[in-house]
Protein chains: 2
Amino acid sequence: MERLTVLPERERGVCCPPTLKARPEKIEQTSEILKALADPTRLAIALCLRDAKEPVCICDFTATFDISQPTVSHHMAKLRDAGLVEVTKRGIWSFYRLAPSLPVATRRILDAIG
Amino acid sequence: MERLTVLPERERGVCCPPTLKARPEKIEQTSEILKALADPTRLAIALCLRDAKEPVCICDFTATFDISQPTVSHHMAKLRDAGLVEVTKRGIWSFYRLAPSLPVATRRILDAIG
DNA sequence: CCAATCCATTGACGTTCGTCAATGGGTTTG
DNA sequence: CAAACCCATTGACGAACGTCAATGGATTGG
């Protein structure tokens, strides 16, 4: 089913700057969230936490992914800085979970994935 | 309203690798889409195309954003490579629109934003 | 106290990214 | 044809990224 798309008529030397609905500040914020998720390992971690019933500890991720422990730690720091996850320490373990009250916009993006 | 989260009981030296629901290949694909959107300029362009009734030509974006024409062209190439947009040339103009039949997963992500 | 375990930080490395200036190709107007 | 316009590509540059090895702090078990 091919949708015919009529191209706009244009005049040389005259451009039509489109009006951006979203505020630049909002665009910036959203791109930060996307940046945090735009890595295969971090995306897998985020989805795992989204679907987990219990907080997950770092050692589990280290055992799952084929990357070193410092790299896992590095990725978690990125997710933390983006405000996507929170950490609770108990004993020698660090348990991570999705931030309990994510902005609705962020939550919507996460739910749209996978 | 604070949601009490019970941490799992753990035993030293025993990890519980979480089972990933999404296939690694799917994760990889999704992260490619997110990567394409994880830049403020490209995100603004993508949202603009998502909400536009007509295809938009490059010169309009060049007039809108505070970046050079080659940079706009570079960003459009990234969006093209990710399969997010399509281009139709007429005369001296290149008109871009969202790819007419995006994968549902991709469409869902786009709709979840802003 | 000592050893083992878990985790974060640091420093280093090669890769990718975002940007621009310069160039060239294609199209239209005069 | 010549000039103007629109756009893609190339090459270059600094910045950010993903990864690891090494180190150290904190906690627990013997």
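Each chain gets a letter, A, B and so on, in the order the sequences are listed, and its residues count up from 1.
For the pair I45(B) CD1 and dC7(D) C1', the computed distance is 14 Å after rounding to whole Å. If you take CZ of F61(B) and P of dA8(D), they are 12 Å apart, rounded to a whole angstrom. Rounded to an integer number of Å, the gap from R80(A) CZ to dT9(C) C1' is 11 Å. Rounded to whole angstrom, the span from the CG atom of D81(A) across to the P atom of dA8(C) amounts to 12 Å. Atom CZ in F65(B) sits roughly 15 Å away from atom C1' in dT19(C) (whole-Å rounding). Following rounding to the nearest Å, H75(B) (NE2) and dG18(C) (P) show an atom-to-atom distance of 6 Å. dC20(C) atom C1' lies 11 Å from atom CD1 of I67(B), rounded to whole Å. Rounding to whole angstrom units, CD of residue E9(B) and C1' of dT28(D) are separated by 14 Å.
Within the nucleic acid shown, Y96(A) comes within 4.0 Å of sugar-phosphate atoms alone, with no base atom in reach, counting heavy atoms only. Base contact: H74(A) has a heavy atom under 4.0 Å from a base atom. R42(B) comes within contact range of the sugar-phosphate backbone alone, with a heavy-atom separation under 4.0 Å but no base atom that close.
The side chain of I92(A) approaches dT28(D) more closely than any other nucleotide in the set dT28(D), dT19(C), dG18(D). When distances are taken from the side chain of D39(B) to each of dC7(D), dG18(C), dG26(C), the shortest belongs to dG18(C). Set against dA8(C), dA8(D), dC7(C), the side chain of S94(B) has dA8(D) as its closest nucleotide. Counting only heavy atoms from C-beta on, C15(B) has its side chain closest to dC6(C) among dC6(C), dC17(C), dC7(C).
Between the side chain of R12(A) and the base of dT28(C), at least one donor-acceptor pair of N or O atoms lies under 3.5 Å.
Salt-bridge check for D81(A) with K35(A): failed, with every basic side-chain N at 4.0 Å or more from each acidic carboxylate O.
At least one side-chain nitrogen or oxygen of K78(A) sits closer than 4.0 Å to the OP1 or OP2 atom of dC17(D).
Under the 4.5 Å side-chain heavy-atom criterion for ILVMFWY residues, a single connected hydrophobic cluster contains both V85(A) and L47(A).
Where T71(B) and S73(A) each meet DNA chain C at their nearest nucleotide, the meeting point lying more 5' is that of S73(A). Each of W93(A) and S68(A) was matched to the nucleotide of DNA chain D holding its nearest heavy atom; the match closer to the 5' end belongs to S68(A).
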Stepwise side chain to side chain donor-acceptor pair (under 3.5 Å) check, T88(A) with R97(A): CA-CA 8 Å; T88(A) 308; R97(A) 66 178 192 277; 3.2 Å; yes

Check against side-chain contact (heavy atoms from CB on, under 4.5 Å), D111(B) and R50(B): CA-CA 8 Å; D111(B) 289 336; R50(B) 183 196 65 178; 4.0 Å; yes

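Taking 4.5 Å as the limit, some side-chain heavy atom of R80(B) sits within range of a side-chain heavy atom of Y96(B).
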